[in-house]
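The analysis underlying the following values was restricted to heavy atoms, covering all of them including side chains, and did not include hydrogens, waters or symmetry mates. Naming convention: chains lettered A, B, ... in sequence-line order (proteins, then strands); numbering from 1 in each chain.
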2 protein chains.
Amino acid sequence: MKQITLKEIAASLNVSVTTVSKALKGYKDVNEETKKLIIQKAKELNYKPNIFAVNLRTKESKTIGIIIPEVVHHFFSSVIKGVIAQAEKKGYLVIILQSNESKELEKKQVELLINKRVDGILVSLANETNSYEHFYEILQNEIPLVMFDKIAKLVKCNKVIINDQKAAYNATKHLIDVGCKKIAHFRGPHLPQNSIDRFLGYKKAIDDHYLTYNSKLVYLLEKMTFKEGEYFARKLINEHPDVDGIFVNTDLVAVGAIKAINDLDFNVPNDIAVIGFSNWFMSAVISPSLSTINQPGFEMGKQAFKLLFKEIKLKKKGEEIKPKTIELGTDLIIRESTQKSVS
Amino acid sequence: MKQITLKEIAASLNVSVTTVSKALKGYKDVNEETKKLIIQKAKELNYKPNIFAVNLRTKESKTIGIIIPEVVHHFFSSVIKGVIAQAEKKGYLVIILQSNESKELEKKQVELLINKRVDGILVSLANETNSYEHFYEILQNEIPLVMFDKIAKLVKCNKVIINDQKAAYNATKHLIDVGCKKIAHFRGPHLPQNSIDRFLGYKKAIDDHYLTYNSKLVYLLEKMTFKEGEYFARKLINEHPDVDGIFVNTDLVAVGAIKAINDLDFNVPNDIAVIGFSNWFMSAVISPSLSTINQPGFEMGKQAFKLLFKEIKLKKKGEEIKPKTIELGTDLIIRESTQKSVS
DNA sequence: CTGAAAGCGCTTACAG
DNA sequence: CTGAAAGCGCTTACAG
């Protein structure tokens with residue numbers, strides 16, 4: 001099907017392309033009658049503006065890009081959903097790219113989006129990423145940039161985060177509140193910042209409540225898998241049979257840990273209470289159901305797009321952007337894995 | 001940062017825009033020396049072609065769109081991952097849209113993608129969708145279209161599917177093989193086609209093995225949630241306490257069913273064996289782990305893009321497209337929920 | 001109220 | 001080997 005252009009509408013009505021363009025864009029310096037005719041004709045011919053030409057003229061693509069570490073992941077797919085929902089309201093489409101936690105890939109994806117001339121970029125950092133040249137390039141190209149969840153403190157741009165440290169503190173404090181005296185922590189790798197913050201929250205809660213911080217009770221996991229959760233739970237029980245609580249950096253690992261604890265015939269929560277982090281969908285569904293911290297992915301996606309949209313508008317007006325950071329609240333979700341029966 | 005254009009490179013080297021364009025695109029009717037200078041200069045100035053102008057000239061966006069019912073879903077996010085991975089290899093970017101199982105939204109998303117002039121569209125149908133005008137519009141606009149998983153048999157386009165009927169047959173047969181005599185089925189709603197096909201596979205397996213098909217043992221669920229799984233398992237046990245196997249249309253529901261069965265102090269698999277469908281990630285992780293049919297999401301995404309890419313190339317050459325349907329294999333995954341202990 | 005003209009930045013057929 | 005010119009389809013400042 002041949003695509004209809006302004007020229008063809010103009011020809012069929014014996015008016016100029018200029019007039020057709022103006023009529024369809026709602027300019028008011030067009031005769032009402034002419035306007036009506038043009039709009040009707042456009043509809044009749046099923047006219048659709050050639051978006052490529054519009055992009056070229058307006059220098060806008062009405063498209064943004066988002067780079068995330070991993071699509072197949074409850075938290076990140078929730079973020080994507082939030083972003084898409086919000087973007088659609090404002091007439092933006094969303095291109096998704098995945099870094100697979102690799103810095104090299106992340107750089108490449110940034111390059112692709114810059115070349116694509118998207119109107120803005122949303123990023124959650126890959127674990128590997130330890131330097132930020134590619135993000136400075138985004139800023140140099142004056143493309144609005146918002147980081148979310150896994151952010152780089154050094155990069156001056158808008159950000160949406162949760163307070164990992166505070167949330168981890170609350171999770172650990174909850175274990176203390178239900179009576180745990182010897183609490184272990186399964187932490188993530190040295191990058192991203194999240195794992196550090198969650199560890200610090202754990203440590204602070206221990207310190208604040210007169211329990212003795214013991215670095216031997218902190219296990220550093222690399223891959224954050226179900227299997228690692230199982231492995232380290234066994235290791236932990238072997239090394240510290242009297243442990244009575246674990247704060248785990250992320251739900252999936254916590255589920256693995258619970259599996260292993262059950263297999264060793266310890267009881268969750270009575271022997272060992274377990275709390276996770278992120279409120280992964282399945283946490284409510286396993287037995288015992290997992291207490292955790294709710295990380296609001298959908299809301300984070302929405303807020304991230306909103307910030308980006310504001311920045312895009314400011315840029316159009318030529319106004320300066322003062323980067324800000326939005327901190328979203330988290331909730332402690334109490335389920336079976338930390339509700340010790342009265343004894 | 002002002003974007004560099006061909007004109008500027010040309011000016012700085014005293015050659016024409018034409019020559020610069022040719023040099024950068026590797027045309028061979030350019031003097032080697034000139035070419036070298038131009039390429040060097042382009043690098044030095046960090047030249048990036050204005051993709052909007054390129055799109056307008058070439059009438060291509062090097063972008064495809066994908067419409068899925070729900071992003072936050074293990075199967076569909078796997079598909080997305082497969083699509084992105086494959087698309088990237090061929091230099092295509094991917095726009096994601098979500099229908100929320102709504103026909104109205106799906107129509108709107110189709111409209112958005114047509115207006116965006118994507119080079120091709122990938123779709124998995126919303127459950128609600130019962131007529132296909134919007135897809136005919138895609139075809140009328142001569143935009144390559146590939147449907148996957150939830151397809152419309154009536155629409156003449158490329159498709160990637162699994163054989164739901166056969167897979168369901170195998171799942172049910174597996175229950176029969178482990179000794180089940182009275183097998184229930186939790187099926188999905190009347191749309192999409194998948195639920196019908198899975199039901200037909202179940203029925204055929206029952207019929208083929210001289211068990212009596214009993215429509216009372218088939219429960220039609222609407223929302224396919226964990227809660228529905230629990231609810232219908234209780235209902236089933238109440239109505240048919242002697243049931244000894246269930247084939248459930250999808251894993252999430254099966255997990256709910258197992259939960260309810262456990263809560264009623266029946267044993268899975270010894271009292272009631274349960275098999276799901278889709279090999280959702282968590283199925284391996286719960287207790288007892290869930291037997292299921294593996295639905296290859298990543299592979300489906302890859303294949304769908306490959307078909308689309310072929311179609312895009314054919315269209316460019318002006319050649320005709322003969323729609324074909326690729327059927328991907330599924331595997332029976334045997335886990336604890338169907339391995340009855342020897343008694 | 002209408003329209004000729006310039007221009008966005010590229011590609012490519014064509015002339016020399 | 002090089003470049004002037006046309007054109008992709010739109011938008012908009014400007015003249016009338």
| message | Mind checking if B:T34 touches a base, just sugar-phosphate, or nothing, with heavy atoms under 4.0 Å? | response |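 Answer is sugar-phosphate: B:T34 comes under 4.0 Å of backbone atoms only.
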| Watson-Crick/G-U partner (both atom distances under 3.5 Å) of D:dA13 |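 WC or wobble partner does not exist here.
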| task | Sort out the partner of D:dA4 for me: Watson-Crick or G-U wobble, both distances under 3.5 Å, none otherwise. | result |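 When the pairing criteria are applied, nothing turns out to pair with D:dA4, so the answer is none.
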| side chain to side chain contact (heavy atoms under 4.5 Å, CB included) partner of A:N158, chosen from A:L145, A:I321, A:L122, A:I151 |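 Filter result, single survivor: A:I321.
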| request: Under 4.0 Å from any atom of DNA chain D, heavy atoms only: list the residues of residues 25-33 of chain A that qualify, in numerical order. | output: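 A:K25, A:Y27, in order of number.
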| Which listed nucleotide (D:dG3, D:dC10, D:dG9) is nearest to the side chain of B:T19? |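 Closest nucleotide among those given: D:dG3.
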| task | Tell me which nucleotide among C:dT12, C:dG9, D:dC10 gets nearest to the side chain of B:S21. | result |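 Selected nucleotide: C:dT12.
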Charged N-O contact under 4.0 Å between [X] and [Y]:
X: A:E44; Y: A:K41; answer: yes
X: B:E111; Y: B:K108; answer: no
X: B:K107; Y: B:E133; answer: yes
X: B:D119; Y: B:K62; answer: no
X: A:E101; Y: A:K150; answer: yes

Could you check how far [atom1] of [X] sits from [atom2] of [N], rounded to whole Å?
X: B:L56; N: C:dC10; atom1: CG; atom2: P; answer: 12 Å
X: A:L37; N: C:dT2; atom1: CG; atom2: C1'; answer: 15 Å
X: B:K36; N: D:dC1; atom1: NZ; atom2: P; answer: 13 Å
X: B:K62; N: C:dT11; atom1: NZ; atom2: P; answer: 13 Å
X: A:N115; N: C:dG9; atom1: CG; atom2: P; answer: 16 Å
X: B:L13; N: D:dG3; atom1: CG; atom2: P; answer: 11 Å
X: A:I51; N: D:dC8; atom1: CD1; atom2: P; answer: 19 Å
X: A:L24; N: D:dT12; atom1: CG; atom2: C1'; answer: 15 Å

| query | Any side-chain N or O of A:K59 under 4.0 Å from OP1/OP2 of C:dG9? | reply |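 For C:dG9, OP1 or OP2 has a side-chain N or O of A:K59 closer than 4.0 Å.
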Please enumerate all protein N or O atoms sitting under 3.5 Å from an N or O of nucleotides 4-6 of chain C, with distances to 0.1 Å.
unit_1	atom_1	unit_2	atom_2	d
C:dA4	N7	A:T18	OG1	3.3
C:dA4	N6	A:T18	OG1	2.8
C:dA5	N6	A:T18	OG1	3.3

| Atom NZ of A:K35: over 12 foreign heavy atoms under 6.0 Å |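 Atom NZ in A:K35 is crowded, with more than 12 foreign heavy atoms closer than 6.0 Å.
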| Tell me, do B:I143 and B:I114 make a side-chain contact under 4.5 Å, heavy atoms counted? |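 Yes, side chains in contact.
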| task | Scan B:K159, B:Q295, B:Q193 and name whichever one has a side-chain hydrogen bond (donor to acceptor under 3.5 Å, both in side chains) with B:D149. | result |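 The passing option is B:Q295.
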